[in-house]
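Data block below; observations after.
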Amino acid sequence: MNTNLKTLLDEASLSGYKIQTQKTESYELFFVHRALETVRSTDTVTTYVTVYEDHDGKKGDASFSVYASTTDDEIRALIASAREKAKKIENQYYDLPAAETLDGAIPSNFTEYDPCDLASAMADAVFDADTYGNGSVNALEIFINRYTVSVVNSRGLDKREVKYGAVVEVIPTWNEGESVELYQCERFNRFDPAALKASVEEKMREVRDRGRATPPASPLKCPVVLGPHELASLFFDLAGELGYGGVYAHSNAYSLGDEVQKNCTGDKLTLTMRGSMEGSSASALFDGDGTTLTDTTVIENGVVSHYYGSHRFAQYLNLPATGQLRCLEANAGTCSRDDLARQPYFRCVSMSGLQVDIFNDYIGGEVRLAYYCDGDKTIPVTGISISGKLSEALSSLRLSRDVTCSGNYRGPDFALLNGIEIV
Amino acid sequence: MAFSEFLNSRRDDCKALIAELSAEFPYVSILGNHVRSSRIGADRRSSVMGEGNLSECGFVIKMHNGRAFFEYSLDDVTGDKKALASKIIASLRVSGAVADRMVSVPLPEDLPMVRSFARESDEGTYADADILAFCEEMRDEILSRDERILNCQVAAMPFTVSKLFLTANRELDQYYSWVNISTFLVLRDGEKMVQTYDGVYSHLMSEAKKAFPGIIPGLIHKAQRLVHAKPIVPGVYDVITDPSISGLIAHEAFGHGVEMDQFVKDRALAKQYVGKYVASPICNMRDGAASVLSTASYFFDDDGVLAHDTQIIKDGILVSGISDLASASELGTEPTGNGRRESYKRKSYARMTNTFFEAGKDKLEDMIASVKHGYMLFQTNNGMEDPKNWQIQCTAEYGIEIVDGKLTDNYVSPVVMSGYVPDLLKSISMVSDEFKIIGSGGCGKGYKEWVRVSDGGPALKVKVKLA
């Protein structure tokens with residue numbers, strides 16, 4: 001942080017201020033097939049200042065950016081302009097977070113590597129899985145990021161944390177007959193070469209199967225199975241309706257005490273929003289206001305149990321400030337792989353994107369690769385869509401016993417849903 | 001307001017740094033970005049007047065060492081150029097094993113050009129407080145229309161772009177602005193709650209403000225009808241698309257597949273179809289920052305290539321893709337001015353700009369009258385590309401059932417279109433003579449690299465699977 005910025009803000013005798021800074025250092029590799037096409041590196045700082053003005057029992061705020069090149073005179077002018085704007089804003093009064101200090105870090109084994117060597121090791125792990133004659137990795141992008149994040153406010157709050165994160169985007173392709181591809185994106189802050197290689201190997205097998213997949217010869221009627229990627233999407237959509245901001249604005253679909261799974265015939269769902277999760281690059285110690293993150297169970301046994309959200313809206317609703325939580329954990333269920341194998345099912349492996357519309361009670365999407373098991377043999381299927389009522393799907397939800405971690409999600413490895421049409 | 005004084009003050013620094021880096025790299029360019037953006041708005045319970053999420057100020061240096069590309073993003077270029085160049089070179093070190101895998105791409109051309117570009121803008125002629133007052137007035141107007149509206153938000157998001165592009169032989173700068181004013185409302189009718197949105201856009205705040213009141217009646221009517229919307233019975237239907245959905249098809253179903261960096265990676269089926277029929281003979285499609293004036297209109301791209309107006313489909317035949325500097329170098333083609341970055345902190349890729357089907361000759365009423373049973377689809381929700389295999393998923397906010405050639409009062413929501421792209425494009429049997437570009441879109445490449453785009457076109461009559 002520009003130390004002079006804090007001095008200039010202190011001198012301005014404002015009702016309050018907040019300075020958010022993020023320094024990003026990255027090292028990036030871009031491959032076309034197995035060839036390195038572009039090498040990138042970045043070293044940038046983003047600084048946002050929010051100015052607060054209390055007036056007439058209300059609180060107003062206005063924000064502006066400060067760049068490395070912004071002069072002291074320019075900062076003074078920006079502060080004065082923001083103060084005048086803040087006087088025009090008449091939001092319900094709230095206090096800024098109180099004095100608290102922290103200098104922390106999210107654990108990561110990236111600290112053991114030079115970024116250049118780490119990116120190279122990740123590339124090796126991916127290409128080690130590229131061993132098929134008819135298949136290959138057509139494109140690979142690797143991003144290694146180191147973030148230094150800080151929040152300082154006028155009440156004496158001063159927090160800083162260092163976080164790491166990698167994004168590895170892989171495009172596995174299969175060229176047996178019609179050439180086909182799938183999309184894979186891994187996000188993590190703990191590098192495990194064997195796990196990355198295994199994950200790409202699994203995607204290579206799936207893309208091979210997409211190449212062999214055909215649309216079903218006759219209509220399919222059986223339970224639909226979703227994997228961790230789609231389950232994460234569904235559960236984040238449900239939890240997204242329980243944020244303090246949405247509750248305050250009256251735009252939330254669910255309220256405390258609502259049954260998310262009415263007349264439940266499957267496993268009751270419990271969702272917990274978490275501040276950090278081992279291996280997840282979404283992990284953080286505090287949010288953009290500097291509020292310490294507090295894990296919060298938002299749905300317990302199928303019933304909305306708590307909301308969660310920022311310091312400001314927590315005060316409006318007279319609820320505890322949990323901070324903005326970006327990781328999600330879902331409970332395991334009762335369905336084993338053996339249970340699954342005893343019945344016909346349609347297991348979606350790759351979708352264009354799960355479409356969930358809570359307001360219109362809809363769940364569906366286009367399926368690029370699925371496996372249909374008729375109770376005996378399993379065949380790959382493509383060129384098909386699923387659609388159904390979200391409420392019916394949730395009520396019939398059977399969650400797997402096995403739990404997996406993927407990005408900022410930890411929860412069932414699969415879930416079985418009834419009442420979904422396969423068209 | 002005009003072109004960024006900050007960027008102007010750094011021209012000589014950029015030239016000196018290019019000279020320093022040229023000792024190591026035969027091609028060096030520097031792009032300076034200074035984007036000012038703000039978000040001003042109000043809903044029923046709170047208001048905001050602050051920095052927009054597009055604001056940024058910094059530089060990205062692109063280099064070519066005779067084989068591959070290297071890029072470095074930084075906040076400023078002042079100070080000791082020799083030391084800065086050494087730091088940049090050190091930070092782009094490549095580990096031994098990976099270095100052996102480097103491609104060999106021809107050096108980009110660096111043709112001489114010195115030009116300044118500017119588009120009419122009214123930035124600086126309006127006060128943020130006046131915009132807030134306008135948003136509050138429009139919010140109150142919308143809330144007064146139906147007591148079932150729980151909340152309504154009206155927000156203006158103006159942004160102004162200054163870009164400076166320099167190489168050893170080229171010096172370009174551009175200045176332009178754009179504004180979106182959007183609204184979002186929540187309406188509850190008994191147990192049913194709906195959310196819906198609409199917006200206006202222009203290169204001038206004054207025009208956007210003038211247009212906004214005109215969308216209010218349609219927004220209210222839509223919300224009132226959507227509370228009665230039902231799910232669609234899945235199946236294959238005759239469908240009429242409104243310009244927003246036509247644009248969604250142009251963009252998601254086909255546009256991503258002609259981004260030529262995907263040709264380089266063998267990730268686009270379209271590569272094999274250049275010169276072949278991919279659509280109905282009455283189908284024509286274009287893309288270009290210079291094609292129309294909308295949110296993705298600029299004078300030169302992030303590689304310093306002048307904006308183009310590219311014909312992609314001509315009378316049903318795929319005639320061209322769109323490219324950035326790197327993909328054009330690798331393919332040995334002319335770049336089409338489609339090199340775009342999410343910000344100076346991100347890589348440049350081949351990206352769409354303003355993408356649309358061209359107008360046809362049919363009257364919309366004749367198109368609707370030709371449908372025995374089907375749907376007219378409205379308003380983009382989202383879409384996902386699949387350039388390798390041409391599967392599509394495009395989601396419309398809602399549809400209205402057509403029975404015996406007439407629009408009914410039966411709404412369905414949401415509606416997901418899926419299928420095989422050439423089947424959809426070859427099914428186009430009528431194209432309306434109306435034409436509209438929707439200037440409020442955003443687009444990712446895969447699941448990242450967000451840039452602002454527009455799309456649109458006429459109404460199309462197609463046959464497609466809905467669910």
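As a basis for the values below, the full set of heavy atoms in this structure was taken, side chains included, without hydrogen atoms, waters or symmetry mates. Here is the naming used below: chain letters follow the sequence lines, and residue numbers restart at 1 for every chain. Quick caveat, the model's predicted, so the values are computed rather than measured.
With a 4.5 Å cut-off on non-hydrogen atoms, B:K448 touches chain A through its side chain but not through its backbone. Contact of B:Y398 with chain A is not made at all, since no heavy-atom distance falls under 4.5 Å. Interface residue B:D386: backbone and side-chain heavy atoms are both found under 4.5 Å from chain A. At a 4.5 Å heavy-atom cutoff, A:Y316 makes no contact with chain B through either its backbone or its side chain. For chain A, the nearby parts of B:L92 are the backbone and the side chain; heavy atoms of each come within less than 4.5 Å. Contact of B:Y420 with chain A is not made at all, since no heavy-atom distance falls under 4.5 Å. Heavy atoms closer than 4.5 Å to chain B are found in the side chain of A:T173, but not in its backbone. Looking at B:I392, the atoms closer than 4.5 Å to chain A (heavy atoms on both sides) all sit in the backbone: N, CA, C or O. Of the atoms belonging to A:I171, it is side-chain heavy atoms, and not backbone ones, that fall under 4.5 Å from chain B. Within the 4.5 angstrom heavy-atom criterion, only side-chain atoms of A:D357, from C-beta onward, approach chain B. For A:E141, the part lying under 4.5 angstrom from a heavy atom of chain B is the side chain only. Both the backbone and the side chain of A:E181 come within contact range of chain B, each with at least one heavy atom under 4.5 Å from a heavy atom of that chain. For A:E90, the part sitting under 4.5 Å from any heavy atom of chain B is the backbone (N, CA, C, O) and nothing else. Contact annotation for B:V48: only backbone heavy atoms (N, CA, C, O) come within less than 4.5 Å of a heavy atom of chain A. Using a 4.5 Å cut-off between heavy atoms, B:N382 touches chain A through its side chain atoms alone. The parts of B:V103 that come within reach of chain A are both its backbone and its side chain, each placing non-hydrogen atoms under 4.5 angstrom from that chain. The contact between A:Y362 and chain B is made entirely by side chain atoms (from C-beta outward), counting heavy-atom distances below 4.5 Å. For A:C185, no part lies under 4.5 angstrom from a heavy atom of chain B.
Of all the listed residues (A:D43, A:V45, A:D61, A:V423), the one sharing the greatest number of non-hydrogen pairs under 4.5 Å with chain B is A:D43. When B:Q391, B:Q195, B:M102, B:K230 are compared by the number of non-hydrogen pairs under 4.5 Å with chain A, B:Q195 comes out ahead. In terms of heavy-atom pairs under 4.5 Å with chain A, the best-connected choice from B:D266, B:L74, B:V416 is B:D266. When B:Q153, B:K192, B:K465, B:H64 are compared by the number of non-hydrogen pairs under 4.5 Å with chain A, B:K465 comes out ahead. Put simply, of B:R101, B:R10, B:M384, the one with the most heavy-atom pairs under 4.5 Å next to chain A is B:R101. Ranked by non-hydrogen atom pairs under 4.5 Å with chain B, the options A:G364, A:S251, A:A82 are led by A:S251. By number of non-hydrogen pairs under 4.5 angstrom with chain B, the leading residue of A:K85, A:R368, A:R34, A:H33 is A:R368. Of the listed residues B:P414, B:P231, B:S38, B:A97, the one with more heavy-atom pairs under 4.5 angstrom with chain A than any other is B:P414. Ranked by heavy-atom pairs under 4.5 Å with chain A, the first of B:R67, B:E330, B:R188, B:R39 is B:E330.
Using modelled atom types and a 3.5 Å distance limit, the side chains of B:Y447 and A:E169 yield no donor-acceptor pair. When only modelled atom types and interatomic distance are considered, A:Q22 and A:T46 share no side-chain donor-acceptor pair under 3.5 Å. For the residue pair B:N33/B:R341, the side-chain donor-acceptor check at 3.5 Å is not satisfied.
With respect to the salt-bridge test (charged N to carboxylate O, under 4.0 angstrom), the residues A:K221 and A:E421 do not qualify.
Remark: B:K265 fails to qualify as a cation-pi partner of B:F263 under the 6.0 Å distance and 45° angle criteria applied to the six-membered ring.
Side-chain atoms of A:R40 come within 3.5 Å of backbone atoms of B:K345 as a donor-acceptor pair (strictly under, hydrogens ignored). In this structure, the side chain of A:R83 does not engage the main chain of A:E53 through any donor-acceptor pair within 3.5 Å. Not one N or O on the side chain of A:H250 forms a donor-acceptor pair closer than 3.5 Å with the backbone of B:R44. Checked by atom type and distance alone, the side chain of B:S9 pairs as donor or acceptor with a backbone atom of B:F6 at under 3.5 Å. Side chain of B:E56 to main chain of B:S343: no donor-acceptor pair is present (N/O by atom type, distance under 3.5 Å, no hydrogens or angles). Looking at B:D43, its side chain never comes within 3.5 Å of a backbone N or O of B:N151 through a donor-acceptor pair.
Heavy-atom minimum distance, B:S55 versus A:S65: CB-OG, 4.1 Å. Scanning all heavy atoms of the two residues, the minimum distance from B:C135 to B:A42 falls at CB-N, 4.3 Å.
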Audit row: A:L29, A:E37, side-chain contact (heavy atoms from CB on, under 4.5 Å) steps and yes/no: CA-CA 8 Å; A:L29 298 177; A:E37 183 212 53; over 6 Å; no

Criterion side chain to side chain donor-acceptor pair (under 3.5 Å) on A:N145 and A:Y147, from CA distance to verdict: CA-CA 6 Å; A:N145 298 307; A:Y147 305 107; 3.2 Å; yes

Donor-acceptor contacts, no H, no angles, side chain residues 383-393 of chain A, under 3.5 Å, sequence neighbours left out:
from   : atom 1 : to     : atom 2 : distance (Å)
A:S385 : OG     : B:S418 : OG     : 2.8
A:S391 : OG     : A:D361 : OD1    : 3.2
A:S391 : OG     : A:D361 : OD2    : 2.8

